[in-house]
Amino acid sequence: MRRRVAAIALLALAALVLATMLAACGADEDSAEAAEGEPIEIDGLSYNVQITRFLNADDTEDAEYLVGQPPGRPGTSYLGVFMVIENDSGDARPSAAGYTVIDTLENEYHSVASESPYALEVGAEVPADGQLPIPNSTAATGPNQGALLIFPVLDDVSDNRPLTLEIQTSAGTGEVILDI
């Protein structure tokens with residue numbers, strides 16, 4: 001009887017090890033994934049999306065976010081992604097070089113340059129033991145307390161959720177599932 005119990009326990013352990021190995025097959029060690037509000041580590045930096053929302057040029061607060069942006073074309077809107085990037089190392093590090101929002105139909109929306117004082121400068125250096133936005137800056141003390149990325153999107157993009165923010169760095173990519 002003891003041999004049978006030991007054999008069953010050994011078989012169960014072997015199955016668990018095999019399942020763990022199979023789950024790891026094909027996993028990309030250079031990628032990370034998180035939900036909005038959860039930080040992810042990519043290339044030594046921590047990226048945390050604070051909030052994602054559509055921006056309305058006719059709203060007083062949002063007008064400041066959209067400084068310098070052309071009026072949206074018919075059928076399009078601006079999507080704002082506010083994030084904090086932290087660097088806990090003793091050396092300054094460059095932030096991600098690219099950000100793309102992807103919907104469930106695989107439509108890709110790329111961030112656009114912005115003149116807003118809330119804007120995240122794509123590829124900017126994150127100071128040693130520091131963060132972007134810089135503490136006490138307009139973006140850090142603003143209502144959303146994060147640096148802004150702006151994405152022109154189709155009006156019906158909400159129909160194709162969940163949306164994913166892909167963060168591209170030289171060392172790999174990360175994905176954040178956006179909560180809109």
Side-chain angles (χ1 to χ4, degrees), residues 31-43 45-87 93-126 130-170 172-180:
S31 70
E33 187 174 315
E36 185 171 315
E38 298 173 1
I40 61 170
E41 298 287 327
I42 310 169
D43 196 22
L45 297 176
S46 173
Y47 295 80
N48 192 344
V49 174
Q50 305 295 303
I51 188 170
T52 302
R53 65 184 191 79
F54 290 99
L55 302 175
N56 178 354
D58 295 327
D59 179 85
T60 305
E61 177 185 334
D62 289 2
E64 288 296 312
Y65 300 142
L66 294 170
V67 169
Q69 296 300 324
R73 295 188 322 256
T76 65
S77 300
Y78 285 113
L79 180 68
V81 176
F82 296 84
M83 73 168 51
V84 174
I85 306 170
E86 294 181 337
N87 179 2
R93 302 182 73 95
S95 63
Y99 300 87
T100 306
V101 169
I102 304 168
D103 67 18
T104 57
L105 298 178
E106 301 297 321
N107 294 313
E108 294 185 359
Y109 305 96
H110 301 279
S111 63
V112 294
S114 174
E115 298 172 14
S116 171
Y118 298 92
L120 173 65
E121 181 185 340
V122 174
E125 290 232 336
V126 184
Q131 73 173 42
L132 293 178
I134 302 296
N136 298 319
S137 66
T138 302
T141 59
N144 296 301
Q145 300 178 347
L148 170 66
L149 290 168
I150 299 173
F151 298 87
V153 297
L154 296 175
D155 282 343
D156 64 357
V157 73
S158 291
D159 296 340
N160 305 318
R161 292 180 293 173
L163 301 180
T164 302
L165 174 67
E166 184 178 85
I167 302 169
Q168 301 108 14
T169 73
S170 60
T173 62
E175 293 183 352
V176 177
I177 307 302
L178 301 176
D179 183 22
I180 62 162

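Numbers for residues simply follow the sequence, beginning at 1. As a basis for the values below, the full set of heavy atoms in this structure was taken, side chains included, without hydrogen atoms, waters or symmetry mates.
The shortest distance between side-chain heavy atoms of Asn144 and Glu61 falls below 4.5 Å. Residues Tyr118 and Pro133 form no side-chain contact, since every pair of their non-hydrogen atoms from C-beta on lies 4.5 Å or further apart. The shortest side-chain heavy-atom distance between Pro162 and Thr104 falls under the 4.5 Å cut-off. The shortest distance between side-chain heavy atoms of Glu86 and Asn48 does not fall below 4.5 Å. At a threshold of 4.5 Å between non-hydrogen side-chain atoms, the residues Leu163 and Tyr109 do not count as touching. Contact of the Phe82 side chain with the Pro143 side chain is not registered, since no non-hydrogen atoms from C-beta on lie closer than 4.5 Å. Taking 4.5 Å as the limit, every side-chain heavy atom of Val49 sits out of range of all side-chain heavy atoms of Ile51. Taking the side chain as every heavy atom from C-beta outward, Tyr78 and Pro152 approach each other to under 4.5 Å.
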*side chain to side chain contact (heavy atoms under 4.5 Å, CB included) between Gln50 and Val84, intermediate numbers included*: CA-CA 7 Å; Gln50 305 295 303; Val84 174; 3.6 Å; yes

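Of the listed residues (Leu165, Ile180, Val176), just one forms a side-chain contact (heavy atoms from CB on, under 4.5 Å) with Val81, and that residue is Leu165.
A donor-acceptor pair under 3.5 Å is absent between the side-chain atoms of Asp156 and the main chain of Asp159, judged by distance alone. A donor-acceptor contact shorter than 3.5 Å links the side chain of Asn87 to the backbone of Val126. A distance-only check finds a donor-acceptor pair linking the side chain of Glu36 to the backbone of Asp179 [under 3.5 Å]. The backbone N or O of Ala124 lies less than 3.5 Å from a partner atom in the side chain of Ser95, making a donor-acceptor pair.
In terms of the side-chain hydrogen bond (donor to acceptor under 3.5 Å, both in side chains) criterion, residue partners of Ser77 (sequence neighbours excluded) are, by chain and number, Asp155.
Rounded to the nearest 0.5 angstrom, Ile102 CD1 and His110 NE2 are separated by 8.0 Å. Interatomic distance, Ile150 CD1 to Ser114 OG, rounded to the nearest 0.5 Å: 4.0 Å. Atom-to-atom distance recorded for Tyr99:OH and Thr173:OG1 is 12.5 Å, nearest 0.5 angstrom. With rounding to the nearest 0.5 angstrom, the CZ atom of Arg93 is 9.5 Å from the OG1 atom of Thr169. Rounding to the nearest 0.5 Å gives a distance of 13.0 Å between CZ of Arg161 and CD1 of Ile177.
Heavy atoms only, all atoms of each residue included: Glu64 and Ser116 are closest at O-OG, 3.0 Å. Across every non-hydrogen atom of Glu41 and Ala32, the tightest pair is O-CB, 3.7 Å. Residues Ile42 and Gly172 come closest through the heavy atom pair CG2-O, 4.0 Å. Across Ala57 and Ala63, no two heavy atoms sit closer than the pair O-CB, 3.9 Å. Contact detail for Asp103 and Leu105: the closest heavy-atom pair is OD1-N, 2.9 Å. Annotation for Asp43 and Ser170: closest pair OD2-OG, 4.0 Å, computed over non-hydrogen atoms.
Annotation for Glu121: atom CD does not count as buried by contact number, only 12 or fewer foreign heavy atoms lying within 6.0 Å.
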